[in-house]
Enquirer: 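Quick one: the structure is below, questions incoming.
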Amino acid sequence: MTMQNLLDYDLKGLTDYFAQLGEKPFRAKQVARWIYHFGASDFAEMSDLAKSLREKLTHEAAIIPPTLLTEQSANDGTRKWLLDAGGKNGVETVYIPEDKRGTLCISSQVGCALACTFCSTGRQGFNRNLTTAEIIGQLWWANRALGQAPNGERLITNVVMMGMGEPLANYANVLTALNLMLDDHAYGLSRRRVTVSTSGMVPAIDQLREDCPVALAISLHAPNDTLRDELVPINKKYPLNVLMAACQRYLEKAPRDFITFEYIMLSGINDRPEHAQQLINLVRDVPCKFNLIPFNPFPNSGYQRSSPESIHRFRSTLMAAGHVVTTRKTRGDDIDAACGQLAGRVQDKTRRTTHRMEFA
Ligand code: SAH
Ligand code: SF4
């Protein structure tokens with residue numbers, strides 16, 4: 001019999017599992033608290049479970065987080081973990097401490113099939129989806145490694161799914177992991193503090209709105225279909241008018257009353273004044289905030305970061321039209337922990353999609 005990894009279950013799944021064992025539903029809550037509040041991975045630690053149940057669990061189930069390969073700390077306090085995803089592959093998780101919050105940026109896939117041209121993960125092609133255990137295991141590890149704040153406050157206050165991979169292309173496993181992030185018996189984060197970032201998979205955006213409407217960020221990156229078809233190829237399937245309509249529908253259930261539009265600043269490509277004007281026009285019916293992301297270079301990307309002057313001008317144009325705009329600070333520069341630089345390791349190339357090999 002194969003061991004059941006309990007990290008693959010949300011509270012509903014755990015409850016069903018315990019029911020199968022003939023146990024009461026509250027056992028699921030007890031075990032979840034041990035795993036997620038106290039970072040337990042051994043049933044022997046779970047002192048409020050009957051000894052007979054602990055023994056039964058030891059034979060039938062396990063708590064198996066991904067294996068930690070390396071850990072790095074940047075000068076600005078950013079930390080990065082590389083976790084083993086099997087077959088010589090690895091995925092990365094980044095912790096970004098700020099004044100009043102600590103944000104964990106987690107990955108959802110090994111590689112990504114969506115092939116955005118400016119993205120290092122996209123350039124590597126797709127290997128596989130992470131399991132729920134591997135997704136929630138990133139929080140589990142980070143929590144354990146970070147330890148307790150001196151004042152007892154939690155260190156991870158926010159989670160963003162902005163690491164490697166397209167979360168909505170791994171919908172079922174991401175949904176189960178989101179349920180655990182929100183559940184009080186696991187991480188107990190509010191829906192406002194958990195953000196899914198997507199390149200615009202419209203049917204899955206609609207599904208998320210029904211299943212688990214957390215905060216939504218859209219990787220927009222271009223103000224018209226011609227340019228977006230090139231930079232974010234999934235735009236050919238779900239063009240901008242379809243995407244904007246999905247954003248409006250999402251807002252009916254969203255925990256915040258705006259969508260965050262991420263916009264990467266690529267010199268001479270999407271950062272000109274006319275692009276800002278088109279953008280203002282594009283989003284006129286969608287309450288939103290903009291997050292400008294200066295492009296983070298990686299070898300042979302073929303792109304350059306916009307100049308500070310262009311970014312400033314772009315930002316001012318949006319602000320003059322009444323928009324709230326933030327410009328993302330680059331964090332963890334010295335450990336390659338910035339957005340789009342999370343390469344992890346995709347060494348098992350056998351299952352890579354072949355259309356990406358032109359970049360190799
Ligand atoms: N697949 C999802 C989430 C992961 S990418 C998505 O695309 O939204 C997280 C963010 O980093 C996205 O907005 C993505 O477009 C951006 N990004 C990718 N490569 C980047 C780079 N080289 N520099 C800056 N941001 C980048
Ligand atoms: Fe995939 Fe997001 Fe990178 Fe595009 S930007 S290739 S969707 S990870």
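The first residue in the sequence is number 1, and the count goes up from there. On a predicted model such as this, the values are computed, not experimentally measured, just so you know.
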Enquirer: Determine the minimum heavy-atom distance between Leu130 and Ser107, stating which atoms define it.
Expert: CD1-O, 3.5 Å
Enquirer: I want to check something: taking the side chain as every heavy atom from C-beta on, are Met244 and Asp285 in contact at a cut-off of under 4.5 Å?
Expert: no
Enquirer: Among Thr176, Ile136, Thr131, Ile135, find the residue that satisfies the side chain to side chain contact (heavy atoms under 4.5 Å, CB included) test when tested with Leu7.
Expert: Ile136
Enquirer: Side-chain contact, heavy-atom cut-off 4.5 Å: Cys212 with Leu182?
Expert: yes
Enquirer: Looking only at heavy atoms, what is the nearest atom pair of Pro213 and Tyr250, with distance?
Expert: CA-OH, 3.3 Å
Enquirer: Is there a side-chain contact between Leu251 and Ile259 (heavy atoms, below 4.5 Å)?
Expert: yes
Enquirer: Looking at side-chain heavy atoms only, is the closest gap between Pro273 and Thr317 below 4.5 Å?
Expert: no
Enquirer: May I ask you to decide whether Glu55 forms a salt bridge with Lys51, counting only side-chain N to carboxylate O separations under 4.0 Å?
Expert: yes
Enquirer: Name all residues meeting the salt bridge (charged side-chain N to carboxylate O under 4.0 Å, His left out) criterion together with Lys56; count only those two or more places apart in sequence or in a different chain, and write none if there are none.
Expert: Glu23
Enquirer: Counting only heavy atoms from other residues, nucleotides and ligands, does the tally under 6.0 Å from NE2 of His37 exceed 12?
Expert: yes
Enquirer: In chain order, what residues pass the salt bridge (charged side-chain N to carboxylate O under 4.0 Å, His left out) check against Glu134, with sequence neighbours excluded?
Expert: Arg128
Enquirer: As a quick check of understanding, evaluate side-chain contact (heavy atoms from CB on, under 4.5 Å) for Val110 and Val91, giving each step before the final call.
Expert: CA-CA 6 Å; Val110 182; Val91 287; 4.0 Å; yes
Enquirer: Report yes if the side chains of Leu220 and Leu279 come closer than 4.5 Å at any heavy-atom pair, otherwise no.
Expert: yes
Enquirer: Would you indicate whether Asn151, at its atom CG, is surrounded by more than 12 heavy atoms from other residues, nucleotides or ligands within a distance under 6.0 Å?
Expert: yes
Enquirer: With a 4.0 Å cut-off on N to O distance, would you call Glu71 and Lys80 a salt bridge?
Expert: no
Enquirer: Among all residues two or more places apart in sequence or in another chain, which pass the ring pair (Phe, Tyr, Trp, His ring centres under 6.0 Å) test with His185?
Expert: none
Enquirer: Mind checking whether His275 and Tyr263 have side chains closer than 4.5 Å, heavy atoms only?
Expert: yes
Enquirer: Is there a side-chain contact between Phe26 and Thr15 in this structure, where contact means two heavy atoms from C-beta onward sitting under 4.5 Å apart?
Expert: no
Enquirer: What heavy-atom pair brings Asp8 and Ala133 nearest, and what distance separates the two atoms?
Expert: OD1-N, 2.9 Å
Enquirer: Stepwise, does the side-chain contact (heavy atoms from CB on, under 4.5 Å) test hold for Ser197 with Val160?
Expert: CA-CA 7 Å; Ser197 174; Val160 294; over 6 Å; no
Enquirer: Carefully, step by step, assess Asn224 and Gln278 under the rule side chain to side chain donor-acceptor pair (under 3.5 Å).
Expert: CA-CA 7 Å; Asn224 62 64; Gln278 291 171 13; 2.8 Å; yes
Enquirer: Given the rule in the side chain to side chain donor-acceptor pair (under 3.5 Å) test, do Asn173 and Asn129 qualify, once you have shown the distances and angles that lead to the verdict?
Expert: CA-CA 8 Å; Asn173 295 344; Asn129 284 329; over 6 Å; no
Enquirer: For Arg27 and Gln30, does a side-chain donor sit closer than 3.5 Å to a side-chain acceptor?
Expert: yes
Enquirer: Take Ser267 and Gln304, measure what side chain to side chain donor-acceptor pair (under 3.5 Å) needs, and give me the verdict at the end.
Expert: CA-CA 5 Å; Ser267 179; Gln304 283 176 332; 4.9 Å; no
Enquirer: With a 4.5 Å cut-off on side-chain heavy atoms, are Leu6 and Tyr17 touching?
Expert: yes
